[in-house]
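Working notes, structure below.
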Amino acid sequence: MQSKIKQSGMIAKICRISWERIHLRMELQITQTKEAIPLKELDVFAVDREGFAGALFDTTVLENGNLELYVNITNNGLHQCIPVGTYKIFVCKGDDVLAECETDQALTSRLPDDSRAFLYGGQKKEYSVNFFVEDDAEGLPFRMHMMHFSYAKISYPYLTGFFTSERNLIKGYLTNTRRVVRSIYNFLFRLKKNKRKDHILFMTEQSNTLGTNLTFLIDRLKERGLDSRFTINTWARKFSDGDHGTKSWLKLANLLAGSEYIFVDDHVPMFDWLHLNDTKLIQTWHAGAGFKSSGYSRWGHMGGPGPISCHRQYNYGLCGSRKIAHFFSEVWGINTERVLNTGMPRMDEFQNPEHREAKTKELYEKFPMCKGKKVILFAPTYRGRSNRDAHYPYELIDWERLDKVCGDEYVVLFKMHPWVIVDIDIPERYHSKMLDVKRYPNINDLFYITDILITDYSSNIYEYSLMRRPMLFFAFDEVQYSFSRGFHRPYRQAAPGKVCTTFDELMDAIENKDFEFEKVEEYVNTQFDHFDSDACDRVIDWLLLGQMPADIKKEIAAREKRMKRIKTTDFSAFAEEVS
């Protein structure tokens with residue numbers, strides 16, 4: 001890139017900064033005193049002091065004639081956070097740098113307030129974004145400074161025995177499971193490198209059994225006779241159970257090293273520290289249709305990922321609609337074009353008329369109290385940080401009021417989240433109308449006989465919405481939940497039904513049939529591009545058989561070409577000497 005700043009007659013000033021979680025937007029006011037260049041033809045780069053581009057902003061021409069700059073700070077297009085450094089903002093056209101951005105004088109006093117700090121790693125680490133004006137320079141040069149901090153003691157340092165430190169260092173090296181597993185994996189990969197073609201691993205580290213998205217894909221591969229072409233392996237292990245032993249790690253390392261494709265159904269903790277070599281990793285995450293923030297949507301909240309995580313390795317993810325792909329890409333920190341609207345594999349069975357008919361008959365036989373009644377399914381998500389402390393505040397339920405609301409019209413099934421340790425204790429006098437069905441294996445089947453779903457922030461609304469029946473949201477802790485967990489879209493706006501904050505309000509809504517039912521159809525139209533039982537086939541065809549639609553391939557290629565410019569554009573002429 002060459003400087004045309006003096007000749008261009010262009011003045012660029014940052015006049016506004018705004019945030020939406022991890023999404024940074026800046027408004028750029030451009031004045032052109034010479035031949036005007038259309039704003040849509042301009043590129044805007046963030047360039048560090050060494051002359052490397054850290055981000056290429058997406059741009060939008062605003063109605064007021066200014067240019068809006070946008071970047072997700074957790075994904076600069078290369079599936080990584082904007083690297084640490086101090087950045088100038090350059091306005092470019094082709095190979096020419098036309099302007100270096102300055103700061104509008106009215107903005108200067110607000111720069112500290114517009115800066116952000118994002119905590120992670122148990123709140124002991126921080127990634128921060130700071131804005132300031134360059135000192136000792138003409139005008140008000142705008143600077144964006146990205147920093148990464150780790151927890152450090154603030155007491156006086158003290159010395160420990162040299163030999164003790166050496167001994168602990170050697171011991172730590174030899175007993176470090178991660179280091180050993182990485183070495184074994186890389187060794188096995190080199191052995192299997194030319195024998196991995198068409199080997200598929202379906203894997204979960206969240207449970208000792210595979211989830212439905214994975215099992216349905218396996219079954220469909222076999223139904224189509226593709227198990228004769230592809231070698232299918234499976235792995236299911238609950239990582240949080242603790243030490244799994246040498247044999248388990250060796251077996252897993254061998255499977256990983258020998259796989260061309262790996263399908264997962266949730267976060268895989270070991271992929272936070274094990275980098276996969278030349279493997280296509282596909283995420284089939286089941287919970288993306290809910291509201292609660294996950295992955296990089298939780299950046300800065302307790303439990304959010306670090307800059308390097310499992311999510312960065314996904315080649316592709318799955319979703320139900322292109323309209324919501326950006327929610328998934330935000331969670332995973334990958335580009336939206338790589339979130340494919342195949343539909344979710346588990347929906348194939350759910351939308352199968354024969355399966356629905358058989359399960360409906362089975363459920364009425366299993367739960368005869370539901371025959372001739374309207375069924376309310378109470379199915380909220382858990383409270384707590386993980387499966388180790390998951391709970392639900394049952395004391396909020398007013399049993400007498402619920403019984404009166406049921407009358408002779410309703411019965412209630414309670415399907416608590418599988419992680420909730422303590423089962424619901426329904427008073428015996430209400431057993432004729434209320435039943436705990438936590439042990440029933442598949443909540444989706446229960447939807448066939450459900451007339452009203454009561455939930456809160458759960459993703460179970462995704463499947464249930466296709467029943468086109470009322471939903472109510474008992475969000476008694478909406479404010480607290482928004483701070484502790486966070487939402488990746490406005491909760492009340494996105495919830496496909498009435499939101500209630502007290503149990504009395506919830507009961508009133510049932511009595512008055514006040515469901516705000518019109519939101520359901522709007523939700524369905526947003527969440528689903530396909531209303532069929534062919535999601536498994538699309539996943540297989542697009543990802544395994546190389547039949548991805550041409551328009552999606554074109555979008556991916558266009559994004560890759562654009563992001564390649566971050567790596568290849570040469571700003572070395574603008575590098576500063578760093579002492």
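With hydrogens and angles disregarded, a donor-acceptor distance shorter than 3.5 Å links the side chain of T215 to the backbone of T212. Although no hydrogens or angles enter the test, the distance criterion places a donor-acceptor pair under 3.5 Å between the side chain of T502 and the main chain of E505. Checked by atom type and distance alone, the side chain of Q283 never pairs as donor or acceptor with a backbone atom of H311 at under 3.5 Å. A donor-acceptor pair under 3.5 Å is absent between the side-chain atoms of E126 and the main chain of L119, judged by distance alone. Looking at E463, its side chain never comes within 3.5 Å of a backbone N or O of I443 through a donor-acceptor pair. Between the side chain of D534 and the backbone N or O of D537 there is no donor-acceptor pair closer than 3.5 Å. A donor-acceptor pair under 3.5 Å links the side-chain atoms of N213 to the main chain of T284, judged by distance alone. Formation of a donor-acceptor pair under 3.5 Å by the H417 side chain with backbone atoms of W419 is found in this model. In this structure, the side chain of R469 engages the main chain of T450 through a donor-acceptor pair within 3.5 Å. Checked by atom type and distance alone, the side chain of S321 pairs as donor or acceptor with a backbone atom of T526 at under 3.5 Å.
Between R224 and D541 there is a salt bridge, since at least one side-chain N of the basic residue sits less than 4.0 Å from a carboxylate O of the acidic one. The pair E521-R468 counts as a salt bridge, with a side-chain nitrogen and a carboxylate oxygen less than 4.0 angstrom apart. Ion pairing of K222 with D227 is absent here, as no side-chain N (NZ or NE/NH1/NH2) approaches a carboxylate O to less than 4.0 Å. For the pair D551 and R322, the salt-bridge criterion is met [side-chain N within less than 4.0 Å of a carboxylate O]. At a threshold of 4.0 Å, the pair K359-E362 counts as salt-bridged, since one of the basic side-chain nitrogens sits closer than that to a carboxylate oxygen. With salt bridges taken as basic N to acidic carboxylate O contacts below 4.0 Å, none links E511 and K404. In summary, R538 and D348 do not engage in a salt bridge, as defined by a charged side-chain N under 4.0 Å from a carboxylate O.
Nearest heavy-atom pair across K438 and I421 is NZ-O, 4.2 Å. The heavy-atom pair separating F216 from P345 by the smallest distance is CD1-O, 3.5 Å. Closest of all the heavy-atom pairs between Q206 and H267 is NE2-O, 2.7 Å. Minimum interatomic distance between V422 and Y394 (heavy atoms only, all atoms of both residues): O-OH, 2.7 Å. The shortest heavy-atom contact between Y392 and T381 is CD1-O, 3.7 Å.
The local environment of CD in E518 is crowded, with over 12 non-hydrogen atoms from other residues, nucleotides or ligands closer than 6.0 Å. Remark: D408 CG is loosely packed, at most 12 non-hydrogen atoms of other residues, nucleotides or ligands lying under 6.0 Å away. Heavy atoms from other residues, nucleotides or ligands lying under 6.0 Å from CD of Q123 number more than 12. Around the NZ atom of K125, the shell of radius 6.0 Å holds no more than 12 heavy atoms that belong to other residues, nucleotides or ligands.
Using modelled atom types, one finds a donor on one side chain and an acceptor on the other under 3.5 Å when comparing N460 with S458.
Side-chain contact between I262 and I282 is absent, with no heavy-atom pair separated by less than 4.5 Å. The closest side-chain heavy-atom distance from F328 to T336 is not below 4.5 Å. When side chains are defined from C-beta on, L226 counts as touching I540, because their heavy atoms get closer than 4.5 Å.
In this structure, R182 is not positioned above the aromatic face of W249 in the sense of NZ or CZ being under 6.0 Å from the six-membered ring centre and within 45° of the axis.
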Where do S297 and E330 land on the side chain to side chain donor-acceptor pair (under 3.5 Å) test, with the steps shown first?
CA-CA 6 Å; S297 288; E330 177 182 321; 2.9 Å; yes
For R312 and N75, run side chain to side chain contact (heavy atoms under 4.5 Å, CB included): C-alpha distance rounded to whole Å, both residues' side-chain angles, the deciding distance at 0.1 Å, then the answer.
CA-CA 9 Å; R312 300 299 198 189; N75 178 23; 4.3 Å; yes
Go through D272 and S309 one step at a time and tell me if the side chain to side chain donor-acceptor pair (under 3.5 Å) criterion holds.
CA-CA 4 Å; D272 289 339; S309 76; 4.5 Å; no
Side chain to side chain donor-acceptor pair (under 3.5 Å) assessment of N341 paired with D529:
CA-CA 7 Å; N341 62 324; D529 284 344; 2.9 Å; yes
Going through the distances and angles, do Y314 and Y316 end up as a ring pair (Phe, Tyr, Trp, His ring centres under 6.0 Å)?
CA-CA 5 Å; Y314 304 149; Y316 299 101; over 10 Å; no
I would like to know whether Y457 and D477 meet side chain to side chain donor-acceptor pair (under 3.5 Å); could you show each step before the answer?
CA-CA 10 Å; Y457 318 112; D477 56 351; 2.7 Å; yes
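Note: F118 and Y127 have tilted aromatic rings, judged against thresholds of 30 and 60 degrees for the angle between ring planes. The aromatic rings of Y120 and W299 sit parallel, their planes meeting at an angle under 30°, below the 60° perpendicular limit. Below 30°, between 30° and 60°, or above 60°: for Y462 and F528 the angle between ring planes is below 30°, a parallel geometry. Between F263 and F202, the angle of the ring planes stays under 30°, which puts this pair in the parallel group of the 30/60° scheme.
You'll find the ring centres of Y70 and H23 inside the 6.0 Å limit.
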